[in-house]
Amino acid sequence: MKSTRSRRKMAPAAADAGDSGEKLEQLLISSAICNGEDLGPFVRKAFASGRPETLLHHLRHFSRSKESEIEEVCKAHYQDFILAVDDLRSLLSDVDSLKSSLYDSNSRLQSVGGPLLSSLDSFVEAQNVSKNVDYALQSVTLCIKLMELCSRANHHLSNGSFYMALKCLESIENDFQDKTPSSTLKKMLESKIPEIRSHIERKISKEFGDWLVEIRVVSRNLGQLAIGQASAARQRAEDLRTKQRQAEEQSRLSLRDCVYALEDDEEEEGLGGYENEGYSYGNNSVLGFDLTPLYRAYHIHQTLGLEDRFKQYYFENRKLQLTSDFQVSSMTPFLESHQTFFAQIAGFFIVDDRILRTGGGLISKTEVENLWETAVSKMCSVLEDQFSRMQTANHLLLIKDYVSLLGVTLRRYGYTVGALLDVLSKHRDKYHELLLSDCRKQISEALAADKFEQMLMKKEYEYSMNVLSFQIQTSDIIPAFPYVAPFSSTVPDCCRIVRSFIEDSVSFMSYGEQLDFYNVKKYLDRLLSEVLDGALLKLISSSVHGVSQAMQVAANMAVFERACDFFFRHAAQLSGIPLRMVEKGKRQFPLNKSRDAAEEMLSGMLKTKVDGFMTLIENVNWMTDEPSQGGNEYVNEVLIYLETLVSTAQQILPPQVLKRVLQDVLSHISEKIVDTLLGDLVKRFNVNAIIGL
């Protein structure tokens, strides 16, 4: 067809190229038809020129020119068709032969395959039955295993083994729920498994809630026990220091090498240690302290996929508990409730420390530190408020001791207690002001009760209690009893007050901060120079009447001088300062004002008494012819009085005090005689009169 089409395109080229216009037009039309172009221009041109017949003539000529080509093509196709028909007839013959062969083969196959197909149908049917039976057996076996697992889950639920029950549910979901052939069982599992999970969550949450209630009581007991152990450890350390001080004092007095009684008195860690702790993952037989419900609830919530929610729930509840522990009852004095208040907080953080270390991430260190910062802030606020209201030194000391024990206890667990100790240090001055006020009142009462009589001690224990305990003895030899001391009962009474002040002062400044001996000494100086010295001055100026009372007060002051040395040594020992360092420097006697006042009063009374005798000196014969053999009778009376006075004073007054007083009196007598000789009463005198004097 392509070759034919090519020949048609070349037909115009093969036409005669005459000069005739018709031939040219015929050639153009033939070319347009062969090329498939639009004949519209030719038609319009023919009608425009009024010669459509020419166009028809050209078209008929073109048609006749193509008939020969069509005929040639038809001849070629007809020959091919004849060949194809011949091939089909040959093929039909072969098909008939094949059909006959196939029919024969089919007949033989039908005769042979009929019984086989029947057997095959029976086999397929039997195989289907077998498969159905196998499937039924597998389904029954699966259902049996599922029911056994369900039964086991129910058993664990009834026994409270929630973790095992959850593992059974997990196994059911993973291994059986999607494979269960029974739609009834599947629906039952789909509805019951969430219900069981919810039931377990409710049960474990109730157990955890009960544990939260119980742990508050346990925390208080735990805090009291831990603080009690810290107190016992402090007491053991204090006893050891006391023995060391005694050994040091004995060595100092006997000039032997100091031998310390070192004991194997290692402080037991108790609740403070990590290895010998009275609480553990399980139960504590003493306190009933059990963390198992908490860890069980945490583990169950982990299994339920609710770990983060439980952590948040636990932290919020513990935070609420701590906030509740901060409440200070207005109905109960803080002095009565402070131990419970601080023990509750201590127990809370002891428990939290244990949970932090063994809880497997239940609570973080940052959360515990945040809770502790909140607790410290609240405790400081409570202490500030309560200390500002207290007006009794002993109350401040009791609370301070318990707070310091709280600090010692919680410091073992790594908690910082500096802020609490800063509050104690802040109120140090107030405490000592109250303590000085109490001592001022006690000293005033002790001085008011003094009868200005020498103290009588009938037993050795009285001597030890009133003399040796304050190291005011003048000899290391124990006197015979009954023993009359050179001082009155005021001295040991005031010494006891001062010693108690020193011990209370050291106690308040110990454990709360680094103990500084110079702070202790500062407050001791105030007690002695302001309180005791002031009280003695008041006593001397208002309550001393007569020479015997003045002499007793002067004797007491001499004993107080020895007692003051003991006070400073005692303060140094309690502060842990070696005695050699205290004894190096020369201290001024803090009661020097009252001592000087006592001696001045005694001298003044003696001068007044002597002046009574010296008034008779006016009757002396100043112009005697010879010296009197017996001396001047008026001066003899003065001498007799002074000798009697000295014999009495030597029993109670130290020699240096007596010497100072007598020197003052004799100087006064001398001045009196000289004034008389220089006065108007004596006009003339001779040597004999002076010799008589």
Side-chain angles (χ1 to χ4, degrees), residues 1-132 134-135 177-179 181 183 186:
M1 295 294 293
K2 289 183 180 179
S3 60
T4 304
R5 182 174 297 178
S6 298
R7 285 195 299 269
R8 284 201 298 263
K9 287 183 181 180
M10 294 299 296
D16 188 14
D19 296 330
S20 175
E22 291 183 1
K23 290 183 179 182
L24 178 61
E25 185 176 358
Q26 183 178 354
L27 180 62
L28 292 174
I29 292 173
S30 298
S31 177
I33 293 172
C34 289
N35 292 329
E37 296 176 358
D38 186 16
L39 298 179
F42 296 100
V43 175
R44 284 192 296 270
K45 181 179 179 182
F47 280 98
S49 62
R51 295 169 59 190
E53 294 83 1
T54 304
L55 176 62
L56 290 175
H57 173 73
H58 292 323
L59 291 176
R60 290 189 189 99
H61 181 269
F62 179 77
S63 175
R64 285 193 299 271
S65 65
K66 293 300 180 181
E67 285 179 358
S68 60
E69 293 181 9
I70 293 171
E71 184 178 356
E72 291 177 1
V73 171
C74 288
K75 286 180 180 180
H77 287 175
Y78 177 75
Q79 290 176 357
D80 292 338
F81 177 74
I82 294 299
L83 292 174
V85 170
D86 292 340
D87 292 337
L88 286 175
R89 286 179 178 178
S90 175
L91 179 62
L92 181 61
S93 174
D94 294 337
V95 167
D96 289 338
S97 175
L98 179 61
K99 180 179 178 182
S100 175
S101 176
L102 287 176
Y103 181 79
D104 293 339
S105 298
N106 181 54
S107 299
R108 290 193 299 272
L109 180 63
Q110 289 290 336
S111 62
V112 175
L116 292 177
L117 288 175
S118 177
S119 300
L120 180 60
D121 290 339
S122 300
F123 171 74
V124 170
E125 183 178 359
Q127 189 178 33
N128 290 334
V129 172
S130 176
K131 288 181 179 179
N132 291 336
D134 289 340
Y135 178 73
Q177 185 169 354
D178 293 336
K179 301 176 183 179
S183 59
K186 184 176 292 187

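In terms of modelled atom types and a separation under 3.5 Å, the side chain of Ser122 and the main chain of Ser118 share a donor-acceptor contact. Listed for the Ser111 side chain is a donor-acceptor partner under 3.5 Å among the backbone atoms of Arg108. One N or O on the side chain of Ser119 and one on the backbone of Pro115 form a donor-acceptor pair closer than 3.5 Å. Remark: the backbone N or O of Leu102 is not paired with any side-chain donor or acceptor of Asn106 at under 3.5 angstrom.
For the salt bridge (charged side-chain N to carboxylate O under 4.0 Å, His left out) test, residues two or more places apart in sequence or in another chain that qualify with Glu71 are Lys75. Evaluation of the salt bridge (charged side-chain N to carboxylate O under 4.0 Å, His left out) rule for Lys99 yields no partner, not counting sequence neighbours.
Separating the CG atom in Asn132 from the OH atom in Tyr135 is a distance of 10.0 Å, to the nearest 0.5 Å. Once rounded to the nearest 0.5 Å, the distance linking CG of Leu91 with CG of Asp86 reads 12.5 Å. For the atom pair Glu53 CD and Arg60 CZ, the distance stands at 9.5 Å (nearest 0.5 Å).
The side-chain heavy atoms of Leu88 and Leu92, taken from C-beta on, include no pair separated by under 4.5 Å. Contact of the Ser105 side chain with the Leu109 side chain is not registered, since no non-hydrogen atoms from C-beta on lie closer than 4.5 Å.
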Would you please test Ser130 and Asp134 for side-chain contact (heavy atoms from CB on, under 4.5 Å) and show each step?
CA-CA 6 Å; Ser130 176; Asp134 289 340; 3.8 Å; yes

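Other residues, nucleotides and ligands contribute more than 12 heavy atoms inside 6.0 Å of the CD atom of Gln127.
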